[in-house]
Amino acid sequence: MIKSAPLKSLYTFIAVAETGSMVLAAEQLSISHSAVSQSIKALELQLNTPLFNRIGRRVELNPVGERYYKRIAPAMAEILAASQEASNTANEPTYLTLNMVNSLALHWWIPRVADFQRISPNSDIRISNLVGEFDLEREGIDAAIIHGQPDKWQKYHCEKLADDQLILVCNPQLLVGLNKDELTAQNLLQRFKAIYVTNPRRQNDWQTWCEANNLAQPKQHNNLTFNISVQATQAAMRQLGVLVTHKQFVRDDIKHGMLTQIGQSIVNPHQQFYFATSHAMLNHPQVSALRAWLKREFLKTANE
């Protein structure tokens, strides 16, 4: 009974058969020439038949060797492919990193985590808060919700989730005692101080909103100018004034009565919400589930 040939000998046999040289096979396998020669001799001895014709320094398959090669080469290719696939699967991260601006993470993502867990219980999403333009792969980001324009993300799969809407908000307690005629944006801007955010992504919010509503832009006041949206939102909740902000950032605060919207929202021409991921990750099961859910949620909130 012939014993099964060791995989090491079969790898060597295929390398010699495909290169036609034991020297080249040795280089390909990163082993010595003598090790290749001994492996081939051991295989021929085990099979009890020569597999090669020796022609000087070259070798070529004899008829038995050719038939043997045609049978085992496809099988070895399958073994290598299966091993590589298993290795890739084992090394895949068990979680996805999703990037979004901090305000969206606090006021949009976190209130919806339970719903996402319900529809995708096997997904584990870790939130990153990089801002500006960055490379997804280099930063270890699997997907991102972009708040901006798609022209800077052309190397990725990028699809629009929703328009960005700017609204005027304040604590509803500021409006207590005012009659219906007094609940206009113009009147409230005369009564209450304006809260500003100075970071580059937010610094034009007031100007954009006022121009769309044909109103003069209010002046900035001491102690009511903040660098980040979260601080400005907290100032509005504390009844310190009125704030122009992005509706997606405060949608749940309005829903729970911590803020109230004054007047109509306007579409921000400078920024929208997009989903971005690398083309290699687009069909990843967890990315596909996340992408589908995000599209449904943004569509749902756009219609509210």
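For the single chain, residues carry numbers from 1 onward in sequence order.
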Which residue is it: Glu60, Met22, Glu44? I am looking for the one with a side chain to side chain contact (heavy atoms under 4.5 Å, CB included) to Phe52.
Glu44
d(Leu168 CG, Asn213 CG) to nearest 0.5 Å is 8.5 Å
If the plane angle is over 60° it's perpendicular, under 30° parallel, otherwise tilted; pick one for Trp109 and Phe116.
tilted
Tell me the salt bridge (Lys or Arg N to Asp or Glu O under 4.0 Å) pairs involving residues 201-229, sequence neighbours left out?
Arg202-Asp205
Asp164 pairs by side-chain hydrogen bond (donor to acceptor under 3.5 Å, both in side chains) with which of His270, Lys247, His246, Gln272?
His246
Hey, is CD on Glu137 packed in by over 12 heavy atoms from elsewhere, all under 6.0 Å?
yes
Arg54, CZ: over 12 other non-hydrogen atoms inside 6.0 angstrom
yes
Using every non-hydrogen atom in the two residues, find where Leu174 and Gly241 come nearest and quote the distance to one decimal.
CD1-O, 3.9 Å
To the nearest 0.5 Å, tell me how far Glu297 CD sits from Ile119 CD1.
8.5 Å
Fit a plane to each ring of Trp206 and Trp209, take the angle between them on a 0 to 90° scale, and name the class: parallel (under 30°), tilted (30 to 60°) or perpendicular (over 60°).
perpendicular
Looking at side-chain heavy atoms only, is the closest gap between Val197 and Thr245 below 4.5 Å?
no
Take atom CG of Asn223 as the centre, draw a 6.0 Å sphere, and report whether it contains more than 12 heavy atoms from other residues, nucleotides or ligands.
no
Distance from Ser128 atom OG to Leu96 atom CG, nearest 0.5 Å?
13.0 Å
Centroid-to-centroid, Phe298 to Trp293, below 6.0 Å?
no
